[in-house]
Amino acid sequence: MDFAFSAEQSGLRDSAAGFARENLNEDLPARDRQQSFSPHTWRRCAEFGIQGLPVPTRFGGKGADPLGTMAALEGLGYGCRDNGLCFALNAHLWGCVQPVLLFGDAGQQERFLPGLASGATIGALAMSEPEAGSDAYGIRTTARLQDGRYLLNGHKIFVTNGPVAGLVLVLATLDPAAGAKAITAFLVEKDAPGLVAGPPVEKMGLRTAAMGELKLENCAVPVENRLGREGAGLAVFGRAMEWERGFILASAVGAMQRQFEECRQHARSRRQFGQPIGAFQHVSGKLVDMHMRLEASRMFLYKVGWLKSQERSAILESAMAKLYVSEAWVQSSQDAMQIHGGRGYLTENEIERDLRDALASRIYSGTSEIQRRLIAQWMGLA
Ligand SMILES: Cc1cc2nc3c(=O)[nH]c(=O)nc-3n(C[C@H](O)[C@H](O)[C@H](O)COP(=O)(O)OP(=O)(O)OC[C@H]3O[C@@H](n4cnc5c(N)ncnc54)[C@H](O)[C@@H]3O)c2cc1C
């Protein structure tokens, strides 16, 4: 057993943290208030290589292995206070880049990976619909082969990066009566006729990530943009979710490390009743719990990174990592607010934003209840 990152992996983590601290935090309270996605910080990340972390160097990516990618994303989250930007980057990586890496044929990889890796093309994934959220099998968006292209019709919601995406992985069914075996994945380019991207919607947290609806109205998609074979959509989606659930919260672990350090510093310097508040057991106990959650989160995530580095399955481990780390991030964000007292509640001190951002992690990529259901199924209980 080896608990250490290689020199290359920890180098990536540290350089990502330094880069993020220097370049990504400017004007964040204002951008959060305005709910604006920043093309500027997106480009900065692209220059560093975040958008192409797992992409082979021949396509212009960084060519990092899974643990290296995880280490870089953790460093990014540590240095970058903008959880919305981290989320947009993760949606791009796990919703679009990784499925193209896993399922794209040579032509699709040649066409799409260079733009995705350079950040010039923003990636997204569109599964959710008004009537299909947790129940992905229930999607109603249809795809019909006609005159050598597919015509897609439907309504997608909650699409992270949707308003700014250049390439969207869309799940649609070839036959709504046929259930899972008809679901198929398509790479839909932003200028596809019949694709209408709605404006960014307002949300509680992750406000610097743009999320919106997509309408597909006889949206014409060339046959060569089908990702995987007909009927393989749920396999594509399932593999994408295995990676996404295992990696999407690496940046959150970086954020939790920063949160813990700031809370510890505050507990040492803030004095009440003639002593630092950290000397009160009710406060130090919260810091102990934050630290333990952080360490346990790392173990869950690194196990996934290690399994994927060995090209092994991590379906169960990814579900457990997603469930544990999201709940841990929410709890630690609440503790951070409590340790900061009234200051924690004021927007200007940038403590409460983490709680708003963290709450979404219990919902996206499958809710906590759905992760529990998956784990229970694995135990033979559901
Ligand atoms: C910030 C954010 C980003 C997102 N980004 C994307 C994206 O990029 N692309 C995309 O396609 N979607 C995205 N989503 C949508 C997300 O995947 C769904 O919100 C999520 O899967 C839940 O679906 P729902 O909202 O329809 O809730 P529902 O499925 O209606 O669930 C409502 C409640 O019922 C519970 N529930 C449902 N079924 C069960 C069950 N079988 N057992 C126990 N409890 C159950 C749920 O856990 C939840 O608590 C995003 C959501 C958020 C909040």
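Everything quoted here is computed from the prediction, not taken from an experiment. Counting convention: from 1, in listed order, for ligands and their atoms alike. These values consider heavy atoms only, across backbone and side chains, with no hydrogens, waters or symmetry-generated copies.
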Looking only at N/O atoms, are E369 and ligand 1 under 3.5 Å apart anywhere?
-> yes
For ligand 1, which part of K203 has a heavy atom less than 4.0 Å away: the side chain, the backbone, both, or neither?
-> neither
Within 4.0 Å of some non-hydrogen atom of I363, the atoms of ligand 1 are 19 (O), 20 (C), 53 (C)
So, for atom 13 (C) of ligand 1, does the protein have a heavy atom nearer than 4.0 Å?
-> yes
Using a distance-only test with no angle check, is there a side-chain donor-acceptor pair under 3.5 angstrom linking N225 and R111?
-> yes
Per side chain to side chain contact (heavy atoms under 4.5 Å, CB included), L216 is matched among V196, L195, N153 by L195
Can the ring centres of Y302 and W306 be said to be less than 6.0 Å apart?
-> no
Could you check atom 42 (N) of ligand 1 against the protein and tell me its nearest heavy-atom contact, residue, atom and distance included?
-> R373 CD, 4.0 Å
Would one find an N or O of A132, backbone or side chain, under 3.5 Å from an N or O of ligand 1?
-> no
Any N or O of G366 closer than 3.5 Å to N or O of ligand 1 | no
Under the 4.0 Å line, does any protein heavy atom show up next to atom 5 (N) of ligand 1?
-> yes
Under-4.0 Å heavy-atom contact between protein and atom 17 (O) of ligand 1 = yes
Looking at ligand 1, does any of its N/O atoms fall within less than 3.5 Å of an N/O of I370?
-> no
Just jot down the ligand 1 atoms closer than 4.0 angstrom to any heavy atom of F87, in number order.
-> 3 (C)
Restricting to heavy atoms, the pick from G95, G133, S134 nearest atom 29 (O) of ligand 1 would be S134
N or O pair under 3.5 Å between S128 and ligand 1 | yes
Which value, rounded to the nearest 0.5 Å, describes the distance between I139 atom CD1 and M127 atom CE?
-> 8.0 Å
Determine, using the 4.5 Å side-chain heavy-atom cutoff (strictly less than), whether L85 and F48 are members of one ILVMFWY cluster.
-> yes
Nearest protein heavy-atom contact for atom 8 (O) of ligand 1: which residue, which atom, what distance?
-> T160 N, 3.0 Å
Do D65 and Q9 meet the criterion of a side-chain donor-acceptor pair at a distance under 3.5 Å?
-> yes
Is the NZ or CZ atom of K308 both under 6.0 Å from the centre of the six-membered ring of F247 and within 45° of that ring's axis?
-> no
Less than 4.0 Å between atom 37 (C) of ligand 1 and some protein heavy atom, yes or no?
-> yes
How about Q35 and T208: does a side-chain donor come under 3.5 Å of a side-chain acceptor?
-> no
Specify the protein heavy atom at minimum distance from atom 7 (C) of ligand 1: its residue, its atom name, and the distance to 0.1 Å.
-> F158 O, 3.0 Å
Between T41 and D82, is any side-chain donor less than 3.5 angstrom from a side-chain acceptor?
-> no
Would L53 and V100 show up in the same hydrophobic cluster when neighbours are defined by side-chain heavy atoms closer than 4.5 Å?
-> yes
E261 and Y78 side chains, donor-acceptor separation under 3.5 Å = yes
Per-atom contacts of ligand 1 with M211, taking only distances under 4.0 Å to non-hydrogen atoms | 1 (C), 2 (C), 3 (C), 4 (C), 52 (C)
Do we see a donor-acceptor contact under 3.5 Å between the side chains of E244 and S365?
-> yes
Considering only non-hydrogen protein atoms, determine which one is nearest to atom 9 (N) of ligand 1 and report residue, atom name and distance to 0.1 Å.
-> L125 O, 2.9 Å
Among all protein heavy atoms, pick the one closest to atom 46 (C) of ligand 1 and tell me residue, atom and distance.
-> T367 OG1, 3.7 Å
